[in-house]
Amino acid sequence: MKNISVICPGSFDPVTLGHLDIITRASKMFDRVYVAALVNSSKNPSFSIEERMELMREAVKGLPNVEVVSFEGLLADYCRRNKIDAIVKGLRAVSDFEYEFQMAIANKRLNPQLETIFLTADSDSMYLSSSMVREIGRYGGDISNFVPECVHDRIVARLKENR
Ligand code: PNS
């Protein structure tokens with residue numbers, strides 16, 4: 001059987017329980033999972049790449065076949081260089097579809113060997129997003145149902161600084 005490596009790319013600004021759900025499910029389905037905290041040029045992040053990687057590392061600590069990475073440049077090129085077979089992404093509501101479909105097509109054009117696999121978001125995460133977490137956290141709201149417990153306090157403290 002082929003050893004299958006996949007990558008879960010995203011801004012993860014910050015990691016949510018929705019991200020962790022997709023990564024955990026991918027880690028059960030595939031041999032090796034890279035989680036890539038990346039710059040999305042159309043977004044203005046609140047957490048630095050280093051902070052996002054640190055929070056993600058803490059969140060995936062219990063998953064032995066998962067590695068957190070970051071890089072500059074195109075995802076499609078990184079996958080080619082590192083022999084990654086597929087991108088795994090979560091799909092929430094219909095609103096995600098157009099954007100994700102566009103990226104999947106572009107990545108396939110750039111690297112025809114690269115597949116994109118979509119996992120449906122868990123019903124609890126259907127309307128959960130990092131931007132919602134930032135907004136609620138910034139105003140002192142309770143985000144404990146939205147982020148991994150092990151990084152909750154760090155995210156809360158950091159969002160308070162940004163207020
Ligand atoms: O969580 P996001 O912001 O929706 O993730 C988007 C991300 C980071 C996966 C996307 O912007 C990306 O892949 N960036 C790396 C550069 C790249 O390959 N861009 C072309 C994508 S078609």
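Both ligands and their constituent atoms are indexed starting at 1 by order of listing.
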Quiz item: If you measure from each non-hydrogen atom of Gln102 to ligand 1, which part falls under 4.0 Å: side chain, backbone, both or neither?
Solution: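 The answer is neither; Gln102 stays 4.0 Å or more away.
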Are any of the N or O atoms of [X] closer than 3.5 Å to those of ligand 1?
X     : result
Tyr99 : yes
Leu75 : yes
Ser11 : yes

So, are [X] and [Y] salt-bridged, with charged N and O less than 4.0 Å apart?
X     : Y      : result
Glu51 : Arg154 : no
Lys2  : Asp31  : no
Asp77 : Arg81  : no

So which protein heavy atom does [atom] come closest to, and at what separation?
atom                    : answer
atom 10 (C) of ligand 1 : Met103 SD, 3.9 Å
atom 20 (C) of ligand 1 : Leu74 CD2, 4.0 Å
atom 16 (C) of ligand 1 : Gly73 O, 3.5 Å

Quiz item: So between Asn107, Asp13, Asp96, Leu38, whose heavy atom ends up nearest atom 12 (C) of ligand 1?
Solution: Leu38
Within ligand 1, which atoms have a heavy atom of [X] less than 4.0 Å away?
X      : result
Val39  : 14 (N)
Ala106 : 22 (S)
Gly10  : 1 (O), 5 (O)
Lys43  : 1 (O), 2 (P), 3 (O), 4 (O)

Quiz prompt | side-chain hydrogen bond (donor to acceptor under 3.5 Å, both in side chains) partners for Asp96, two or more places apart | solution = Arg92
Quiz item: What pairs with Ser42 under side-chain hydrogen bond (donor to acceptor under 3.5 Å, both in side chains), at least two apart in sequence or on another chain?
Solution: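 Only Asn40 meet the side-chain hydrogen bond (donor to acceptor under 3.5 Å, both in side chains) criterion with Ser42.
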Self-check item: Distance flag for atom 6 (C) of ligand 1, protein heavy atom under 4.0 Å
Solution: yes
Quiz item: Does ligand 1 have any atom sitting under 4.0 Å from a heavy atom of Ala76?
Solution: no
Exercise. Measure the acute angle between the ring planes of Tyr78 and Phe71, then classify it against the limits of 30° and 60° as parallel, tilted or perpendicular.
Key: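 Parallel: the ring planes of Tyr78 and Phe71 meet at under 30°.
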Quiz item: So does Glu58 have more than 12 non-hydrogen atoms from other groups sitting under 6.0 Å from CD?
Solution: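 Enclosed: over 12 neighbouring heavy atoms sit under 6.0 Å from CD of Glu58.
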Quiz item: Is the Lys NZ or Arg CZ of Arg32 less than 6.0 Å from the centre of Tyr34's six-membered ring, within 45° of the axis?
Solution: yes
Quiz item: For Phe47, does its backbone N or O pair with a side-chain atom of Arg52 as donor and acceptor, under 3.5 Å?
Solution: yes
